[in-house]
Protein chains: 2
Amino acid sequence: MNSDSSQRILIVDDDLAIRRFLRTSLVAQGYTVSETNSGEGALLDVINKRPDLVILDIGLPDMDGIEVTRSVRQWTKIPIIILSVLDQEKEKIAALDAGADDYLTKPFSIGELTARMRVAFRHATLPVNMPNFESGALEVDLARRIVTVRGKEISLTPTEYELLRILIQDAGKVLTHQQIIRTLWGDIYQPEMHHLLRVNISNLRKKIEPDASRPKYIFTEPGIGYRLKLVDK
Amino acid sequence: MNSDSSQRILIVDDDLAIRRFLRTSLVAQGYTVSETNSGEGALLDVINKRPDLVILDIGLPDMDGIEVTRSVRQWTKIPIIILSVLDQEKEKIAALDAGADDYLTKPFSIGELTARMRVAFRHATLPVNMPNFESGALEVDLARRIVTVRGKEISLTPTEYELLRILIQDAGKVLTHQQIIRTLWGDIYQPEMHHLLRVNISNLRKKIEPDASRPKYIFTEPGIGYRLKLVDK
DNA sequence: TATATTCTTGATAACTTCTTGAACAAGATT
DNA sequence: AATCTTGTTCAAGAAGTTATCAAGAATATA
């Protein structure tokens with residue numbers, strides 16, 4: 001948190017008028033506000049200013065708000081509320097699945113925005129910024145997307161990496177097949193997805209486990225799902 | 001089997017057509033669905049059916065959806081998504097501040113609803129504040145689905161775990177054979193199920209009791225059922 | 001376009017869990 | 001003491017799940 005304990009909000013929007021309007025309204029509500037007008041700026045400010053919540057316009061000059069969301073989500077769970085002029089279903093779903101916590105269509109009322117911000121703060125757990133993950137000989141640099149086993153860097157396919165990231169995000173806990181499938185592939189849930197998940201688990205194990213038939217990291221919970229075990233050094 | 005790892009959704013709406021529509025769509029997505037048409041029913045079902053998420057219409061015959069939300073929030077953080085025909089700012093804010101996790105205005109697309117459900121599940125998996133059960137040397141982490149006896153982690157089959165969970169839910173109380181059987185295997189009650197239950201109790205005891213022939217945790221109530229004893233440390 | 005990489009699917013093997021029957025035990029009833 | 005009822009345990013086959021390999025399809029890269 002901040003020294004004056006007020007919550008810091010980062011506003012990302014290329015429209016000056018909207019930034020002004022939001023800043024005024026939020027400052028009046030007692031929030032501390034900083035602003036930027038580009039995707040690049042957003043990524044930098046999330047790192048440097050460590051805001052407690054991001055309000056992100058989806059249409060930015062340099063990069064898509066969804067891209068920004070995905071990028072930020074690689075290493076932090078900081079609440080992100082997306083703003084958009086479009087009420088398009090596809091965009092909404094894409095934004096939410098990329099890791100956004102809420103999606104508001106302009107015009108919206110400040111009352112609703114702040115209510116949804118309060119929901120987001122309620123959800124926010126203690127800062128779970130984990131730039132790197134370690135368990136035994138396995139190390140994952142989530143910010144740089146680098147995985148090493150016993151110091152040796154290994155390369156994972158996009159799906160394998162995403163799967164590992166999902167397991168890391170809830171390390172120690174059992175994730176059901178359904179949960180993993182939904183996070184990995186979204187809405188297209190179908191029974192044959194289970195098979196696909198198994199193949200990917202198998203491939204991932206081959207790359208990170210010393211002995212794939214006797215897993216040290218990725219444990220199977222028969223009938224339920226998988227669990228990434230936390231091992232002390 | 002019933003100890004299915006699929007997520008359970010409770011739909012609360014007095015409009016049969018909407019319930020049907022939601023049920024069909026959600027079942028197709030692999031969710032397990034139960035329904036009720038009143039606020040009273042909702043409160044009961046949240047307790048008895050232990051859903052993982054509630055979809056709650058705000059306009060119910062007996063009580064307001066906001067009331068229901070407030071009431072449920074007294075004791076659980078289970079995700080609640082409110083549905084409404086009104087796009088009224090005041091109502092939205094009241095619902096969100098009462099503890100709802102999201103608010104959707106009808107008509108909405110199923111795609112958006114399921115995307116917002118995924119957001120809710122993402123939030124719900126974070127807090128580790130689910131009650132842990134402890135009795136003597138037996139510890140059950142219900143959020144992580146981990147059972148330890150004298151600090152040592154033990155693995156239970158889905159049925160065994162579900163059985164233990166049922167006993168924990170009413171720890172100290174006697175659960176009749178019928179109650180357990182129905183919760184475990186649904187309504188297909190048959191006399192030979194008793195034998196099946198006994199075998200499972202036996203197997204569970206072997207895993208958690210120091211001396212299975214002299215149970216410390218799971219007590220037999222002859223002619224009635226079983227009881228999980230609460231033991232102080 | 002060719003080449004490499006990754007994803008998806010089917011076949012099969014290995015494994016775990018479920019279900020059932022049989023044997024046994026303890027207490028209650030006759 | 002014999003019998004009945006209720007409960008426990010063991011073990012084996014059936015049913016269901018999970019792991020792995022490999023080949024073709026799709027996608028990305030050169």
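Every value quoted in this text rests on a predicted model; they were computed, and no experiment measured them.
Between B:Thr157 and the phosphate of C:dC18, there is a side-chain N or O to OP1/OP2 separation shorter than 4.0 Å. Listed pair B:Thr220 / D:dT8 meets the phosphate criterion, a side-chain N or O lying under 4.0 Å from OP1 or OP2. Within the structure, every side-chain polar atom (N or O) of B:Ser202 is placed at least 4.0 Å from both OP1 and OP2 of D:dT8.
Regarding B:Leu196, its CG atom lies at a distance of 5 Å from the P atom of C:dT19, rounded to whole Å. What separates NZ of A:Lys206 from C1' of C:dT6 is a distance of 13 Å, to the nearest Å. Nucleotide D:dT9 holds its P atom 12 Å from the CZ atom of B:Arg214, rounded to whole Å. Atom C1' of nucleotide D:dT17 and atom OH of A:Tyr226 are separated by 9 Å, given to the nearest angstrom. Taking atom NE2 on B:His194 and atom P on C:dT20, their separation rounds to 14 Å, with Å as the unit. For the pair A:Glu160 CD and C:dT8 C1', the interatomic distance rounds to 13 Å; values are reported in whole Å. Per the geometry, CZ belonging to A:Phe219 stands 13 Å off P belonging to C:dT16, to the nearest Å. Remark: P of D:dT5 and CD1 of B:Ile224 are 17 Å apart, rounded to the nearest angstrom.
Residue B:Trp185 places its side chain closer to C:dT19 than to any other of D:dT18, C:dT19, C:dG10. Counting only heavy atoms from C-beta on, B:Pro158 has its side chain closest to C:dC18 among D:dA19, C:dC18, D:dG7. Relative to the side chain of A:Arg205, the nucleotides C:dC7, C:dT9, D:dA19 differ in distance, and D:dA19 lies closest. For B:Arg198, the side-chain atoms get nearest to D:dG7 when compared with the rest of C:dC7, C:dT9, D:dG7. Here the side chain of B:Val199 is nearest to one of D:dG7, C:dT19, C:dT9, namely C:dT19.
Judged purely by distance below 3.5 Å, without hydrogens or angles, the side chains of A:Arg205 and A:Thr220 pair a donor atom with an acceptor atom. Judged by distance alone, the side chains of B:Ser109 and A:Glu89 do bring a donor and an acceptor atom under 3.5 Å apart.
Residue A:Tyr161 is out of contact with every strand shown, counting any heavy-atom pair closer than 4.0 Å.
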*Run the side chain to side chain donor-acceptor pair (under 3.5 Å) check on A:Glu91 and A:Ser84 step by step: do they pass?*
CA-CA 9 Å; A:Glu91 191 185 74; A:Ser84 169; 3.0 Å; yes

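For the salt bridge (Lys or Arg N to Asp or Glu O under 4.0 Å) with A:Asp101, the lone residue among A:Arg122, A:Arg116, A:Arg73 that qualifies is A:Arg73.
With B:Lys207 contributing its side chain and B:Ser155 its backbone, the two residues share a donor-acceptor pair below 3.5 Å.
Evaluation of atom-type donor-acceptor distances gives no pair under 3.5 Å for the side chain of B:His195 against the base of D:dG7.
Nearest-nucleotide positions on DNA chain C place A:Asn203 closer to the 5' end than the other of A:Asn203 and A:Pro222.
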